[in-house]
Amino acid sequence: MELGQRGLGLIAVGLFACVLIMGAQAGTGPFDWMGYDNFDEIDDRMNSVNAENCMSKPASELRLPSETLAQLPRFNQLLSMIIYPNRTKLLHLHNMALNRAFFYSYIYQKLNESEAFQYQPGLMYFYFSAAADVSANEYNINGSAIMFDNNCSYANWYRNLPFNTTLNLFGARAWRFDDYNEPTNWLREPTNTTLNLEDYGAGSQSNYTTKSYKTNQWYDLWLPDGWDKEGLDSVRKHTYDIGIKYSNETGKFATDEFEAKTIFGPPSPGQRETEHLPVVWTEPYYDCGRSNRWIVSAVAPVLDQLPRYLEWFHLRRFRFVAVSVQDIEFLQVDFNPCPLGIGNEPPNYFHATARCKDSTMCEPLDGWGFRRGGYRCVCKPGYRYPPWQQGPFNGIEIESSTLEEYENGFDCVPVELQEEVAVPKQKVVSKHTAHHRQKRQAFDQVKYDRMMAIIEHKESVNKDNCETFKAEELELPGDVAYGVEREFSEQARTALRLAHFLSNFLQNIDLYEEYGNLRGDKLLNIELLFGEALANVMGDLRIKGSGVFYDIDKFKGPDLLTRQFFGPYAYRYEKEDEGGETGDRANTHFRAIDFAGFENHYLDAPWFKNVKERWQSNTYGLIKYTEKPLIRSDLGGTSLKKFELYPLYYRAPSEKDGWWSAPYFDCNGYVNDWIISYSVPFFGQNSIGSAIEFKGIVRVDIRLDELDINQCPMDFHVPNAFKDTARCHFANTYCEALPGKNFYRGGYKCECRQGWEYPFNDRAWYFDGQTMEEEYRKLMDGETSRYETLKCRISGASHAAVSWMAVLLMLLPLWS
Ligand SMILES: *[C@@H]1O[C@H](CO)[C@@H](O)[C@H](O)[C@H]1NC(C)=O
Ligand SMILES: *[C@@H]1O[C@H](CO)[C@@H](O)[C@H](O)[C@H]1NC(C)=O
Ligand SMILES: *[C@@H]1O[C@H](CO)[C@@H](O)[C@H](O)[C@H]1NC(C)=O
Ligand SMILES: *[C@@H]1O[C@H](CO)[C@@H](O)[C@H](O)[C@H]1NC(C)=O
Ligand SMILES: *[C@@H]1O[C@H](CO)[C@@H](O)[C@H](O)[C@H]1NC(C)=O
Ligand SMILES: *[C@@H]1O[C@H](CO)[C@@H](O)[C@H](O)[C@H]1NC(C)=O
Ligand SMILES: *[C@@H]1O[C@H](CO)[C@@H](O)[C@H](O)[C@H]1NC(C)=O
Ligand SMILES: *[C@@H]1O[C@H](CO)[C@@H](O)[C@H](O)[C@H]1NC(C)=O
């Protein structure tokens with residue numbers, strides 16, 4: 001009785017809290033009872049800096065401690081650790097930094113002969129590449145740059161700069177411009193489609209290599225190169241083996257063999273090495289005078305053999321010549337406010353800033369960024385929610401509660417206390433609804449059998465027998481790829497980035513032009529495009545292959561000759577070598593091939609045709625981007641001036657304009673695996689320059705094995721081949737998919753439904769899907785199985801049952 005009254009009281013308090021939440025701003029702690037903590041400290045430090053005062057602040061006030069960034073993705077752990085949704089943005093930033101570092105390292109070493117100098121990237125190549133990093137990554141990349149060290153940039157875009165002479169400094173950066181206050185922006189809301197482009201090596205205070213430059217930590221992380229003073233060259237400069245098969249004629253390859261090239265690139269540590277990572281991170285810093293935001297950068301090195309074009313080869317070294325810098329807004333980075341523990345290891349500046357009560361456990365939520373309330377409190381094992389509480393307590397509600405509400409709420413109830421209480425009516429009702437729900441979405445044997453058939457078929461195909469299957473047998477149904485858009489969004493954006501770059505370039509550089517002393521960019525040549533395809537694969541361990549496929553008669557090189565087909569496609573080499581002794585062969589060996597050399601052209605392949613059909617006659621729906629390039633006024637970089645064409649515009653697709661294929665087995669003798677492809681179009685000027693037209697597609701391939709499958713019950717219309725196949729006891733548990741489990745059965749957990757509790761005293765509070773699958777199999781095979789015991793019981797069941805079950809559980813392994 002007493003409990004009931006208290007419950008009613010709390011419901012009232014809860015309602016009151018709801019009203020408060022609606023009034024209060026999300027993420028603020030408005031009440032005195034919440035002491036000043038590390039979150040407040042950082043918040044205050046950030047608020048004390050703004051666009052007006054940042055110039056006069058000392059460097060220390062323009063930075064935040066590195067501990068404010070926990071669990072940064074580290075290259076050596078990427079293959080062995082699950083990357084949760086709260087770190088996917090940072091991982092993508094990491095991979096894009098690597099992508100650009102590989103591209104420039106590759107292209108400089110590939111086009112190293114003096115005759116090839118003019119085919120190296122020109123000024124706008126740098127600018128447009130950085131712009132594409134930003135425009136194609138609306139939600140995570142706000143800035144992108146290549147920053148050269150002193151006397152390391154052999155610019156090919158000045159007529160009065162001899163080919164063997166360098167610019168002092170050169171740094172091409174693009175960042176998203178906050179244009180809410182532009183006179184033309186009458187909505188007064190940032191359009192997110194305007195980019196500023198600037199050469200950091202020009203203007204006053206342009207020497208970003210000096211100690212007195214306040215926000216250049218990205219420089220110190222790799223530069224200047226020590227010229228092996230510390231003897232670290234062998235671990236800091238890694239060799240990559242790249243083979244290319246060219247074709248200069250439709251249906252024929254230039255050679256039967258791959259043309260090999262070894263290049264030096266960023267380090268590639270094995271999984272056990274913790275040092276010499278290829279991508280390092282800056283502390284958060286204030287981007288003073290540019291975007292005027294707090295940002296974090298991922299930084300990777302670019303290598304070249306310097307000094308170039310020198311007769312005395314013994315004087316030349318592979319050295320770090322530049323850094324690739326990719327920025328994310330600090331406010332977008334999730335942090336874990338829960339107490340330290342497994343999964344939340346130190347350092348974490350914001351640990352224990354959540355306010356979960358003792359009877360609950362804190363779980364971080366993703367997508368909150370730097371805001372309070374990004375957590376929820378779930379009952380500890382041995383506790384359950386009070387009857388009036390629907391599921392976990394939300395951090396945002398706790399953060400907006402008064403002291404009185406906090407002290408009287410947000411607690412779970414110990415299971416033991418409920419021993420004597422009869423089953424309340426409300427729980428009977430919930431049991432009833434559970435049954436009802438079970439009827440609608442229970443385990444489905446037909447779907448289960450179909451799933452097993454799909455998996456069996458998938459596993460029966462391999463590189464040695466794939467030729468013997470019919471074409472349609474090398475495809476899986478489209479609903480097998482359920483969830484790809486979400487899970488591989490970052491990989492899709494890697495393709496999108498290249499589509500943005502190509503669209504920008506093909507719409508703005510249609511012919512070679514000179515602007516006084518400044519040389520315009522030459523048209524794209526095949527080496528640049530092979531390099532871009534390779535960089536997509538080299539920069540992201542989840543990308544198996546990536547290519548650029550030009551539509552028929554659309555590729556025109558710097559020689560102004562049109563090629564019928566051009567399809568440079570790069571892929572990670574030799575699957576069976578992945579995770580070998582050194583674990584890095586698949587990460588250091590790459591192949592690329594021009595699809596023009598195949599006898600069957602690619603125009604009719606679904607991944608090309610479907611996209612082309614949508615876009616070839618109608619380019620409506622593309623987004624228009626504006627870029628504002630500032631370039632140096634003279635060779636020395638005395639000041640900045642507007643580029644002759646200012647501003648520039650380009651129209652480019654968004655992620656949803658791309659197309660995901662159904663899974664298929666790539667049996668052409670190169671990739672030899674089940675893959676899923678994402679293809680996205682790019683656009684250029686038509687031949688008379690009157691409009692833009694479809695020019696081709698960029699594609700990325702991901703191995704099907706990387707995809708998580710979701711076996712939980714879903715509505716009948718959800719196109720998921722594996723739904724309704726989870727083995728949970730649905731009368732008392734519900735199913736939740738677990739991320740990072742890949743293409744294996746059992747990637748889910750069965751949690752107790754409202755009104756039911758976990759019966760075992762084994763520190764868990766849910767049943768693991770893999771156990772459920774395995775125990776069910778035993779049951780079916782007539783072996784001893786725990787399957788029937790792996791269910792929750794009605795809350796408040798007798799204490800004795802707990803110990804009885806626990807004993808049984810402990811004994812079981814002995815029997816079986
Ligand atoms: C270009 O690189 C190759 C190695 O890939 C090297 O043998 C050659 O000497 C280099 N040429 C120049 C001019 O540096
Ligand atoms: C940076 O990106 C975020 C989204 O990730 C956006 O909210 C923010 O306004 C951007 N900053 C600028 C200066 O555009
Ligand atoms: C860069 O080159 C210029 C001209 O050759 C020279 O004066 C300057 O000292 C060099 N700077 C560095 C850091 O080597
Ligand atoms: C550049 O090459 C010219 C000859 O081609 C040579 O006279 C000059 O010394 C070289 N300059 C440098 C910095 O190597
Ligand atoms: C620009 O980005 C911000 C933050 O990500 C978003 O709130 C806003 O709606 C975007 N503007 C447009 C026009 O999409
Ligand atoms: C920039 O600073 C570095 C280090 O102080 C110096 O060596 C270099 O010559 C400077 N570069 C220019 C262009 O002033
Ligand atoms: C293609 O390459 C081969 C071998 O390098 C060469 O003999 C042939 O002339 C080339 N064809 C064209 C059209 O360039
Ligand atoms: C991200 O989520 C995982 C799983 O919930 C958690 O272990 C980890 O601590 C979280 N990391 C951050 C920085 O929030």
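When a ligand or atom number is given, it counts from 1 through the structure's own listing order.
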Which residue owns the protein heavy atom closest to atom 5 (O) of ligand 8, what's the atom, and how far is it?
P364 CG, 4.1 Å

When you measure from atom 14 (O) of ligand 8 to each heavy atom in L340, I342, N86, which option holds the nearest one?
N86

Nearest heavy atoms of I396 and S400, plus distance in Å
O-OG, 2.7 Å

Going by the atom numbers of ligand 8, which of them fall below 4.0 Å from some non-hydrogen atom of F335?
14 (O)

One should read off an interatomic distance between C362 SG and H351 NE2, to the nearest 0.5 angstrom, of 12.5 Å

Could you walk me through whether C728 and C735 pass the disulfide (SG to SG under 2.5 Å) test, one step at a time?
CA-CA 7 Å; C728 296; C735 173; 4.4 Å; no

Is atom 9 (O) of ligand 3 touching the protein, meaning some protein heavy atom lies under 4.0 Å away?
no

Just let me know how E363 lines up against ligand 8, side chain, backbone, both or neither, with a heavy-atom cut-off below 4.0 Å.
neither

What I want to know is whether R87 and ligand 8 share at least one N or O pair that is separated by under 3.5 angstrom.
no

Counting only heavy atoms not in Q205, do more than 12 sit closer than 6.0 Å to its CD atom?
no

Does the structure place the NZ or CZ of K237 under 6.0 Å from the centre of the six-membered ring of F320, at an angle of no more than 45° from the ring's axis?
yes

Check whether any side-chain N or O of T191 sits under 3.5 Å from a backbone N or O of T193 as a donor-acceptor pair, and report yes or no.
yes

Quick one: does N192 get an N or O within less than 3.5 Å of an N or O on ligand 5?
yes

Would you mind checking which non-hydrogen protein atom is closest to atom 13 (C) of ligand 3, with the distance to 0.1 Å?
N150 CB, 3.6 Å

Using 4.0 Å as the upper bound for N to carboxylate O, is an ion pair formed by R319 and D304?
no

Name the one of E399, R355, E363 that satisfies side-chain hydrogen bond (donor to acceptor under 3.5 Å, both in side chains) with Y375?
E399

Quick check: N151 and ligand 3, any N/O pair under 3.5 Å apart?
yes

In terms of atom number and element, which parts of ligand 8 are under 4.0 angstrom from non-hydrogen atoms of G343?
6 (C), 7 (O), 8 (C), 9 (O)

Nearest neighbour in protein (non-hydrogen) for atom 11 (N) of ligand 8:
Q71 OE1, 2.8 Å

For Y84, the atoms of ligand 8 under 4.0 Å from one of its heavy atoms are 2 (O), 3 (C), 4 (C)

